[in-house]
Amino acid sequence: MISGTMDFEGQRLAEQWLIKLLIVFAALGFLVGYLTANFALMTYITAAGVAITSLLVVPDWPCFRRQPLKWLPPLNPVQQQAPPAATAAAAATAATPARVTATKSRKQG
C-alpha cells in the first residue's frame, strides 16, 4: 500500500493534470461524436476520459510526494506546562470578590 500524503506542489501538479486531461478528452469526445454524428460515442469517450483522469490524479502517486513538508520538532511536554510553584503563586494572589468587598469596606469605614 502506498503511504504518505501529497505535498502542496503535488496538489498543484495533480490539478494541472486534471484540467489538461479533462479538456483533451472532452475535445476528443466532442470531435469524434460530431464527425460520426454519434452522441453515445461522444459520451463514452468523455466518460472514459474522466475515469482515466481519475486513476491518474486521485491516488497519492510518488510523483506527487517529491517535496515533503518539513515540520518543526515537537515540544517537550515538560516545557509546555507552567511550573507548579508559579501556578500556585498566581492562584494565591488572584483577587476574589470577597477580598475586593472587604478591602472596599475598610477604606470607606
Side-chain angles (χ1 to χ4, degrees):
M1 190 82 199
I2 298 174
S3 64
T5 58
M6 190 181 297
D7 57 34
F8 292 119
E9 287 299 317
Q11 290 176 1
R12 183 184 57 79
L13 182 63
E15 182 182 5
Q16 288 177 348
W17 285 13
L18 174 81
I19 292 169
K20 291 174 183 176
L21 288 171
L22 287 179
I23 289 173
V24 166
F25 280 112
L28 180 67
F30 178 77
L31 184 64
V32 170
Y34 183 77
L35 294 176
T36 61
N38 190 345
F39 185 77
L41 183 60
M42 178 190 75
T43 306
Y44 293 145
I45 292 173
T46 305
V50 170
I52 291 169
T53 301
S54 297
L55 288 174
L56 291 175
V57 173
V58 173
D60 192 19
W61 299 111
C63 63
F64 298 136
R65 294 183 276 128
R66 290 186 180 162
Q67 298 173 349
L69 295 175
K70 294 181 177 94
W71 297 94
L72 294 175
L75 293 176
N76 189 355
V78 176
Q79 292 174 347
Q80 292 178 349
Q81 296 175 351
T87 307
T93 58
T96 60
R99 286 186 184 171
V100 172
T101 307
T103 307
K104 285 183 181 179
S105 63
R106 284 186 211 154
K107 287 183 182 177
Q108 293 172 356

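Along the sequence shown, the residues carry numbers beginning at 1.
- Following chains of ILVMFWY side-chain contacts shorter than 4.5 Å, one can reach Trp17 starting from Leu22, so the two form part of one hydrophobic cluster.
- Counting only heavy atoms from C-beta outward, the side chains of Leu41 and Val32 approach each other to under 4.5 Å.
- With values rounded to the nearest 0.5 angstrom, Tyr44 atom OH is found 11.0 Å from Phe39 atom CZ.
- Listed here is the closest heavy atom pair of Leu21 and Leu56: CD1-CD1, 3.8 Å.
- Crowding of Gln16 atom CD: a count of heavy atoms from other residues, nucleotides or ligands under 6.0 Å exceeding 12.
- Hydrophobic clustering (side-chain heavy atoms under 4.5 Å, transitive across Ile, Leu, Val, Met, Phe, Trp, Tyr) keeps Trp71 apart from Leu75.
- With Thr53 as the fixed residue, the side chain to side chain contact (heavy atoms under 4.5 Å, CB included) test singles out one of Leu55, Val57, Val50: Val57.
- Arg65 and Thr5 get closest at one heavy-atom pair: CG-O, 3.2 Å.
- Counting heavy atoms from C-beta on, the side chains of Phe30 and Thr46 never come closer than 4.5 Å.
- Grouping the Ile, Leu, Val, Met, Phe, Trp and Tyr side chains by contacts below 4.5 angstrom, directly or via other members, places Leu31 apart from Val24.
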Does the side-chain contact (heavy atoms from CB on, under 4.5 Å) test come out yes or no for Phe64 and Leu13, once each step is laid out? CA-CA 7 Å; Phe64 298 136; Leu13 182 63; 4.0 Å; yes

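- In this view, Glu9 and Arg12 satisfy the salt bridge (charged side-chain N to carboxylate O under 4.0 Å, His left out) rule, not counting sequence neighbours.
- A distance of 10.0 Å separates CD of Gln67 from CG of Leu69, quoted to the nearest 0.5 Å.
- Hydrophobic clustering, with ILVMFWY side chains joined whenever heavy atoms are under 4.5 angstrom apart, keeps Met42 apart from Leu28.
- When all heavy atoms are compared, the tightest approach of Pro59 to Ser54 is CD-O, 3.4 Å.
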